[in-house]
**Q** 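Structure in structure tokens, see below.
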2 protein chains.
Amino acid sequence: MSGTEERPTALRPTRQRLAITDALREATDFQSAQDIHDALRQGGEKVGLATVYRTLQAMAEAGEVDVRHNPAGEATYRRCSPSHHHHLVCRSCGRTVEITGSAVERWAHAVAEEHGFTDVSHTVELVGLCAECAARHDGPRR
Amino acid sequence: MSGTEERPTALRPTRQRLAITDALREATDFQSAQDIHDALRQGGEKVGLATVYRTLQAMAEAGEVDVRHNPAGEATYRRCSPSHHHHLVCRSCGRTVEITGSAVERWAHAVAEEHGFTDVSHTVELVGLCAECAARHDGPRR
DNA sequence: CCAAGTATTGGGAATCGGTCTCAATCTACC
DNA sequence: GGTAGATTGAGACCGATTCCCAATACTTGG
């Protein structure tokens, strides 16, 4: 507390952290900590799993990456704001369509501001039944 | 295998399932499986934890409830479309503000339809920094 | 109403993602 | 070069969720 001022506690750019940031940069989609850990291994970089979790968590807290939970409940990460888009997923066959919508972007921003929030990112996921599956199930389940 | 045709496999309305549906109806917010299990116990209904998980899962699959993962990673459930709202969460202190926005609702519906999807539900989550936390960190990180 | 057949339940073990602990290692700075 | 503090990584640990399987409840035919 009463110390040498508050230093921004800058994260030290260690080899491991750079590797993780890099892996994140390569990925275009949300990746689970384990995915990244695997990718790193394959790339020859040896990084402990705990470190991956720690770093990802720190980055999320710092607002450098967005977090999201996939259906399986795993936390997945993606670096902030690269070609930003959302997903429309079929709850039956899993088919996924990428969608963009400046309308939501604007709305999200406005709402956040209205409540005094800043530096806002958002996650939107639409889940429905795609045309094909709807046709297949045609027998109205209920 | 070659039996009496495919029967819709309707879920049997057992005491347990009714109790769960009921508990879900009472709740206005997202509840974890364990929350529901507890509530049920308190209400005098004895239901196994496994059953709660199973039922909730089945209902989610049937589209009767929405699933969401709280920051802790737990899956939480809420019956579909009761006063529908979303959350604006502070990434620093966790404070949560409920928000509603017919604009998003409309957008979601329109986009889904455009891609041939029906029976769509959506999840929107805004994550940002609330005014207080922003003030505390006042040192403009960047 | 009784019996057989099948879906459902529930307790506890097994999984599994994620976090925590702590000694060894590395960096920055004096 | 030397010391303090940051970082790492292996494995123990933890809590949520799933799995297993015998006991139980509901359904339907006779």
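Per chain, numbering begins at 1; letters A, B, ... match sequence-line order. Values in this document were obtained by computation on a predicted structure and should not be read as measured data.
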**Q** Take R15(B) and T76(B), find for each the nucleotide of DNA chain D with the closest heavy atom, and name the residue whose nucleotide sits nearer the 5' end.
**A**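 Between the two, 5'-proximity favours T76(B).
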**Q** Nearest-Å distance, NE2 (H69(A)) to P (dG18(C))?
**A**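 Taking atom P of dG18(C) as the reference, NE2 of H69(A) is at 8 Å.
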**Q** Go through dG18(C), dG11(C), dG9(D) for me and flag the one nearest to the A75(A) side chain.
**A**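 Selected nucleotide: dG18(C).
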**Q** Within the distance-only criterion (no hydrogens, no angle test), does the side chain of H37(A) pair as donor or acceptor with the backbone N or O of G48(A) below 3.5 angstrom?
**A**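 Checked: no pair found.
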**Q** Once you round it to whole Å, what is the distance between C1' of dT18(D) and CD of E61(B)?
**A**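 Distance, rounded to whole Å: 14 Å.
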**Q** Give the rounded distance in Å between these two atoms: CG of L40(B) and C1' of dT9(C).
**A**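 In whole Å, dT9(C) C1' lies 14 Å from L40(B) CG.
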**Q** Quick one: the side chain of R54(A) and the base of dG9(D), do they pair up donor-acceptor inside 3.5 Å?
**A**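 Indeed there is one.
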**Q** In whole angstrom, give the distance that lies between atom CG of L49(A) and atom C1' of dT8(D).
**A**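 Rounded to whole Å, this separation is 13 Å.
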**Q** So, is Y53(B) close to the dT17(D) phosphate, meaning a side-chain N or O under 4.0 Å from OP1 or OP2?
**A**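 Y53(B) to dT17(D) OP1/OP2: side-chain N or O found under 4.0 Å.
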**Q** Is it the case that over 12 heavy atoms from other parts of the model lie below 6.0 angstrom from the NE2 atom of H115(A)?
**A**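 Above 12, so yes.
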**Q** Heavy atoms, side chains only, cut-off 4.5 Å: are L126(A) and F117(B) in contact?
**A**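 The answer is no; the side chains never approach within 4.5 Å.
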**Q** Whole Å only: how far is the CD atom of E74(B) from the C1' atom of dG18(C)?
**A**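 So the two atoms are 13 Å apart, to the nearest Å.
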**Q** How many whole angstroms separate atom NE2 of H37(B) from atom C1' of dG10(C)?
**A**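 Atom NE2 in H37(B) sits about 9 Å away from atom C1' in dG10(C).
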**Q** For dA25(D), does either OP1 or OP2 sit under 4.0 Å from a side-chain N or O belonging to T14(B)?
**A**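 For dA25(D), OP1/OP2 do not have a side-chain N/O of T14(B) under 4.0 Å.
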**Q** Categorize A72(A) for me: base, sugar-phosphate, or nothing, with a 4.0 angstrom heavy-atom threshold over every strand shown.
**A**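 No contact.
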**Q** Tell me whether the side-chain N/O atoms of Q16(A) come closer than 4.0 Å to OP1 or OP2 in dC26(C).
**A**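 No, no such contact exists.
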**Q** In this structure, are over 12 heavy atoms from other groups packed under 6.0 Å from R41(B) atom CZ?
**A**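 More than 12 within 6.0 Å, yes.
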**Q** Would you mind reading off the distance between D38(B) atom CG and dG15(D) atom P, rounded to a whole angstrom?
**A**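 My rounded result for the distance is 15 Å.
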**Q** Is the phosphate of dG9(D) approached by T51(A) (side-chain N or O, under 4.0 Å from OP1 or OP2)?
**A**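 For dG9(D), OP1/OP2 do have a side-chain N/O of T51(A) under 4.0 Å.
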**Q** Of the nucleotides dG9(D), dA16(D), dG12(C), which one has an atom closest to the side chain of A50(A)?
**A**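 Among the listed nucleotides, the one closest to the side chain of A50(A) is dG9(D).
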**Q** Whole angstrom is fine here: how far is it from CD1 in I36(B) over to P in dA16(D)?
**A**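 In whole Å, dA16(D) P and I36(B) CD1 are 14 Å from each other.
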**Q** Think Q57(A) has a side-chain N or O under 4.0 angstrom from the OP1 or OP2 of dT19(C)?
**A**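 Yes, Q57(A) has a side-chain N/O under 4.0 Å of OP1/OP2 on dT19(C).
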**Q** Look at the rings of W107(A) and H86(B) and say which category their plane angle falls in: under 30° parallel, 30 to 60° tilted, over 60° perpendicular.
**A**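 Rings of W107(A) and H86(B): perpendicular, as their planes differ by over 60°.
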